[in-house]
Asker: 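Let me give you the structure first, and then I'll get to my questions.
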Amino acid sequence: MSRTTMRSPLLGLLLLISVQGVAGQTPQAQAPFLQAFLFGDALFMLQDAAGPDGFKLGQMVAHGNASLSERVVFFGEISISARASGYVLAMERAIVRYEFNDRFKLSGGRYHTPISYWNTEYHHGLWLQGSVARPEAIKFGSRYIPVHFVGAMLEGNLQAAPIHYSVGIGNGRTESLAGAGDAGDVNGNRAFVASASVRPRDLFGFRVGGAVYVDRISSGGVEFADEVITSAHVVWDRGRVDASAEFIHVSHEEILSGASGGSPSFYVHVGYRLTGAARYFTPYARYENMDIDEGDAVFATVLSDYEAYVVGLRYDFDSLAALKAEYRNERIASGSRTDAYVVQASFAVPVAGGN
Amino acid sequence: MMRRHLMAAVVAAAALGGVPSPATAQAMAVAIVVHPATDVDDLSFSELKRIFRGERQFWDDGRRVTLLVRAPVAEERQLVLDRIYEMDEDQFREYWIGKMFRAEVAAGPKLVYSADMARDLVTVIPGAITFVPLSEVSADTKIVRIDGLLPTDAGYALR
């Protein structure tokens with residue numbers, strides 16, 4: 001990705017003019033085959049809260065799927081993010097997977113942790129998600145849940161029932177809580193994650209599921225607390241309605257003292273695509289709440305209570321590009337409520353390629 | 001062998017416009033066609049949806065499913081989007097971009113630009129499945145029944 005493209009979302013948008021195809025490619029060869037996408041976004045924001053506002057470049061994301069053979073596939077996702085000090089390049093996901101069949105797919109690499117529906121549904125492609133930003137509890141860089149997971153995963157679809165499952169073992173969080181242990185586990189205790197969702201075959205678009213994540217947190221080089229995260233979600237995403245609700249609970253138990261604490265969060269997001277001449281418009285609303293336990297020694301100094309009301313309007317002005325206008329009313333800890341107004345342009349560029 | 005003779009008879013009759021069934025008198029029927037070596041003769045409509053939506057990616061014999069889908073505008077594509085995907089073009093595009101982005105599939109459907117191309121490729125790509133108008137089916141293609149019905153049968157799902 002060139003720096004020119006990074007600096008100019010408009011140029012990226014102009015690229016869309018040349019995009020003609022649907023997701024697909026001409027059937028020239030079976031393998032190896034590479035298919036790539038670019039995702040990008042830029043926004044303008046005004047806010048009451050302290051912090052920079054105005055024009056901001058979001059992320060430019062390159063995503064590639066490669067079939068190395070009939071059963072071996074690779075998925076990679078790299079992002080370039082604008083920061084005050086410059087641009088930051090990050091490997092977001094890198095997964096090599098051997099697919100035995102639909103029931104068993106074994107992989108290793110860096111994932112978005114399947115502890116949250118939103119985390120594994122939208123990844124870094126903001127064009128795909130209905131709102132400008134992720135819910136606070138799931139945002140990238142969050143210390144609330146481990147957004148990334150480095151390890152190995154077994155996943156698949158059961159044959160007897162419409163159930164998708166995944167189980168994984170990995171390094172778990174770094175001491176900062178936001179890191180994924182890319183350079184190795186910070187303690188000798190691996191993290192485990194297991195998730196499952198029911199997706200009825202005769203109710204396309206509906207799913208309900210949950211997950212559990214277990215790890216041990218270290219602080220100052222010492223094993224400090226056991227962490228258990230549980231979550232549940234229910235989703236309807238078909239036709240004109242895009243609705244999802246998710247509940248997450250993070251609990252910690254200090255190893256030495258036995259003191260424990262639990263911090264729940266949830267959000268409810270609903271979008272409805274209008275009909276007729278207004279079919280390119282999707283109004284949406286979201287309520288989110290994160291209740292941090294002040295007695296939780298792991299979270300007490302790094303996270304605060306959070307509550308937000310979000311309303312917005314998505315306008316799909318092109319089949320691969322959208323504008324979202326959003327109003328947020330937020331409260332952090334016991335502070336006063338603040339308002340923010342955001343307009344975001346986001347797009348996707350499928351790039352078909354072959355060997 | 002008997003099944004193949006049946007297919008050939010159906011196809012030949014359809015091509016000649018002489019099938020004594022509702023197929024030619026009513027709206028276009030779309031046949032589901034697979035690679036000749038694929039060990040499947042009949043699929044439930046529910047299973048067919050799972051295959052075309054990328055939810056089932058392997059045949060029972062372990063071979064990977066390769067989806068061949070007509071490019072936009074074709075009438076049979078519209079029918080498949082309506083009945084199998086239950087999506088419009090924009091939703092279909094977003095659906096596959098999302099599936100690939102979520103690493104749920106290794107690749108999206110492969111586009112074909114004519115019924116001839118679909119018919120030719122499905123016979124040479126192992127594990128391939130596609131759809132073609134019944135009038136475009138040739139005698140050497142392997143048609144799959146849907147819920148036990150051929151495209152010429154009353155009550156067939158893709159008409």
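Note on naming: letters A, B, ... go to the chains in the order of the sequence lines (proteins, then strands), and numbering restarts at 1 for each one.
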Asker: Taking atom NZ of A:K324 and atom OG of A:S131, what is their separation to the nearest 0.5 Å?
Answerer: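 The OG atom of A:S131 is 6.0 Å from NZ of A:K324, to the nearest 0.5 Å.
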
Asker: Ignoring hydrogens and angles, state whether a donor on the side chain of A:E92 or A:H124 is under 3.5 Å from an acceptor on the partner side chain.
Answerer: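 Note: A:E92 and A:H124 side chains meet the donor-acceptor criterion.
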
Asker: If we define contacts as heavy-atom pairs under 4.5 Å, which of B:M87, B:K49, B:E47, B:R56 has the most with chain A?
Answerer: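 Among B:M87, B:K49, B:E47, B:R56, the one with the most close pairs to chain A is B:R56.
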
Asker: Go through the atoms of A:N157 and report whether side chain, backbone, both or neither lie under 4.5 Å from a heavy atom of chain B.
Answerer: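 A:N157 touches chain B through side-chain heavy atoms alone.
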
Asker: So, are A:R201 and B:E55 salt-bridged, with charged N and O less than 4.0 Å apart?
Answerer: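 Result for this pair is no, no salt bridge flagged.
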
Asker: Taking only residues two or more places apart in sequence, or in another chain, which ones meet B:D116 in a salt bridge (charged side-chain N to carboxylate O under 4.0 Å, His left out)?
Answerer: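 Partners of B:D116 by the salt bridge (charged side-chain N to carboxylate O under 4.0 Å, His left out) criterion, ordered by chain and then number, come out as B:R119.
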
Asker: Less than 4.5 Å to any heavy atom of chain B: does that hold for the side chain of A:R238, its backbone, both, or neither?
Answerer: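 Side chain only.
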
Asker: Mind checking what makes side-chain hydrogen bond (donor to acceptor under 3.5 Å, both in side chains) contact with A:S166, not counting sequence neighbours?
Answerer: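 Expected list: A:S195.
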
Asker: Relative to each other, are the rings of A:F317 and A:Y315 parallel, tilted or perpendicular (30° and 60° limits)?
Answerer: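 The arrangement is tilted - the two ring planes meet at 30° to 60°.
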
Asker: Between chain A and each of B:G62, B:A71, B:A106, count heavy-atom pairs under 4.5 Å; write down the option with the most.
Answerer: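 Most heavy-atom pairs within the cutoff with chain A belong to B:A106.
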
Asker: Using only atom types and a distance under 3.5 Å, with no angle test, would you say the side chain of A:D242 pairs donor to acceptor with the backbone of A:G271?
Answerer: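 Checked: no pair found.
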
Asker: Please flag which part of B:V105 lies under 4.5 Å from any non-hydrogen atom of chain A: side chain, backbone, both or neither.
Answerer: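 Backbone only.
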
Asker: Quick one: sort the B:Y85 and B:F92 rings into parallel, tilted or perpendicular, breaks at 30° and 60°.
Answerer: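 B:Y85 vs B:F92 ring planes: perpendicular.
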
Asker: For B:R53, is it the side chain, the backbone, both, or neither that has a heavy atom closer than 4.5 Å to a heavy atom of chain A?
Answerer: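 For B:R53, side-chain heavy atoms alone lie under 4.5 Å from chain A.
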
Asker: For B:E104, what residues pass the side-chain hydrogen bond (donor to acceptor under 3.5 Å, both in side chains) criterion, not counting sequence neighbours?
Answerer: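 With sequence neighbours excluded, B:E104 shows a side-chain hydrogen bond (donor to acceptor under 3.5 Å, both in side chains) to B:K99, B:R102, given in chain and number order.
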
Asker: What part of A:E155 gets closer than 4.5 Å to chain B, counting heavy atoms only: side chain, backbone, both or neither?
Answerer: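 Contact with chain B: none, neither part.
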
Asker: Pick from A:I95, A:V73, A:N101: which one has the most heavy-atom pairs with chain B under 4.5 Å?
Answerer: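 Ranked by heavy-atom pairs under 4.5 Å with chain B, first place is A:N101.
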
Asker: State whether the side chain of A:K105 and the backbone N or O of A:F100 hold a donor-acceptor pair below 3.5 Å, judged by distance alone.
Answerer: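 The answer is no, because no donor-acceptor pair under 3.5 Å joins these two groups.
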
Asker: With chain B as the partner chain, list the residues of residues 113-123 of chain A whose heavy atoms fall under 4.5 Å from it, by residue number, and write 'none' if nothing qualifies.
Answerer: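 Heavy-atom contacts from residues 113-123 of chain A to chain B are A:T120, A:E121, A:Y122, A:H123.
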
Asker: Between A:D237 and chain B, with a heavy-atom cut-off of 4.5 Å, which part of the residue counts as in contact: side chain, backbone, both or neither?
Answerer: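 The answer is neither part of A:D237.
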
Asker: Using heavy-atom distances under 4.5 Å, tell me whether B:E94 contacts chain A through its side chain, its backbone, both, or neither.
Answerer: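 For B:E94, heavy atoms of backbone and side chain both lie under 4.5 Å from chain A.
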
Asker: Return the orientation label for the A:F140 and A:H148 ring planes: parallel under 30°, perpendicular over 60°, tilted otherwise.
Answerer: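 A:F140 vs A:H148 ring planes: parallel.
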
Asker: So which of A:D102, A:N65, A:D316 has the largest heavy-atom pair count under 4.5 angstrom toward chain B?
Answerer: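 Highest number of pairs under 4.5 Å: A:D102.
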
